[in-house]
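Okay, structure first, notes after.
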Amino acid sequence: MKAIQIQQTGGPEVLELVDLPIPVPGPGQVLIRIETTGLNFIEIYFRKGQYKAALPIVPGSEAAGTVEELGPGVQGFSAGELVASTAVIGSYAEYALVPAAQLVKVPAGLSPEKAAAAMLQGMTAHYLAYSTYPLKSGETALIHAGAGGVGLLLTQIAKRIGARVITTVSTAAKAELSREAGADEVILYSEQDFEVEVKRLTDGKGVDVVYDSVGKTTFEKSLNCIRPRGMLALFGGSSGAVPPFDPIQLSGKGSLYLTRPTLWHYIATRAELEQRAGEVLGWAASGELKLRTEHIYPLHEAAQAQTDMEERKTTGKILLEP
Ligand code: NDP
């Protein structure tokens with residue numbers, strides 16, 4: 001099968017197209033034929049060596065595909081079914097193994113592209129808005145990178161709950177997309193000081209929660225935008241890692257809560273995975289959750305796809321198709 005492999009960490013050029021044997025499912029595993037792979041920023045961290053992995057490795061963890069073969073002991077799935085997962089073992093490939101415990105069925109009427117696009121970013125937006133800081137109607141959220149993959153979905157979910165949404169984006173075109181997703185106020189943080197703008201838009205009160213995936217360049221000002229006892233949910237570092245931080249600052253800024261959540265702890269049980277994936281895929285199938293999937297690259301252009309993601313050229317979801 002064709003796959004993208006990394007032999008050594010580095011720039012996009014280390015993503016090489018290779019021929020590998022089709023893997024054989026072990027106990028509890030399912031072999032899927034991949035229809036669409038979802039790209040995520042974390043694969044760039046692994047490629048660069050910022051996150052460590054034993055090499056060589058086929059990157060990627062999110063995909064939708066059809067069931068090809070069940071490993072020993074697997075029940076509940078059958079060959080040919082459309083399924084999706086965020087725990088694929090190397091999804092930059094034509095075939096890959098998935099632990100059956102991490103696999104979900106795709107509801108009727110939802111394409112593999114939409115399913116792959118919805119899973120990781122959709123469940124992330126879901127846990128952030130419903131579990132990390134359970135947003136309530138009438139509250140105000142600040143969402144950074146509002147035109148990004150998670151940003152567009154989180155905005156829609158926050159609006160669905162009835163919250164007021166302020167987003168930040170870097171360009172006028174992205175501002176338009178963020179507004180289309182439902183943002184009430186959009187700040188061009190490339191031109192305006194978002195802290196000043198948030199204070200102006202909230203009459204100096206600050207927001208109830210900041211969902212911050214940008215990290216290094218936004219962290220400090222994000223803390224300054226929060227009302228007393230509000231929360232900073234720092235869930236990514238697209239601009240780089242946040243430097244070491246003294247928790248006493250949380251006290252000075254209003255007894256704030258700071259959390260650094262990750263999806264895996266919010267889909268740790270089968271029940272929670274099924275509930276989150278079921279809602280997100282269900283909303284995607286009914287059209288209630290709009291997914292942008294205009295960036296689809298062939299598998300062999302994985303390096304270009306990652307480059308475009310890193311250079312902030314894309315909006316919504318980036319997909320690879322074998
Ligand atoms: P996005 O589509 O949001 O892409 C990243 C965006 O970040 C860019 O489009 C850009 O938007 C903004 N950005 C700001 N500064 C920079 C910079 N210096 N370099 C690159 N981008 C920058 O990606 P995703 O939606 O896939 O993921 C968003 C973040 O959330 C990532 O950091 C990812 O690792 C994290 N994540 C965390 C999860 C968790 O559970 N903790 C799960 C899923 C994702 P703009 O141009 O408007 O500034």
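Just so you know, ligand 1 is whichever comes first in the structure, and atom 1 is the first atom listed for that ligand. Quantities reported herein were computed from a predicted structural model and do not represent experimental measurements.
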Quick one: which ligand 1 atoms are inside 4.0 Å of a heavy atom on [X]?
X	result
Val214	14 (C), 15 (N)
Ser239	15 (N), 17 (C), 18 (N)
Leu263	39 (C), 40 (O)

Say whether [X], considering both its backbone and side-chain N or O atoms, lies within less than 3.5 Å of an N or O atom on ligand 1.
X	value
Lys174	yes
Ser170	yes
Val150	yes
Ala145	no
Tyr45	yes

(message) Heavy-atom contact check, 4.0 Å cutoff: does Thr262 meet ligand 1?
(response) yes

(message) Taking a cutoff of less than 4.0 Å between a non-hydrogen atom of the residue and any ligand atom, is Glu310 in contact with ligand 1?
(response) yes

(message) Main chain of Ser91, side chain of Thr37: is a donor-acceptor contact present, judged purely on distance under 3.5 Å?
(response) yes

(message) For Arg164, is there any backbone N or O sitting under 3.5 Å from a side-chain donor or acceptor partner on Asp184?
(response) no

Protein heavy-atom partner closest to [atom] - residue, atom, separation in Å:
atom	result
atom 48 (O) of ligand 1	Tyr189 OH, 2.4 Å
atom 3 (O) of ligand 1	Gly148 CA, 3.4 Å
atom 34 (O) of ligand 1	Phe41 CB, 3.6 Å

(request) Over 60° means perpendicular and under 30° means parallel, so classify the ring planes of Trp283 and Tyr130, tilted if in between. (result) tilted

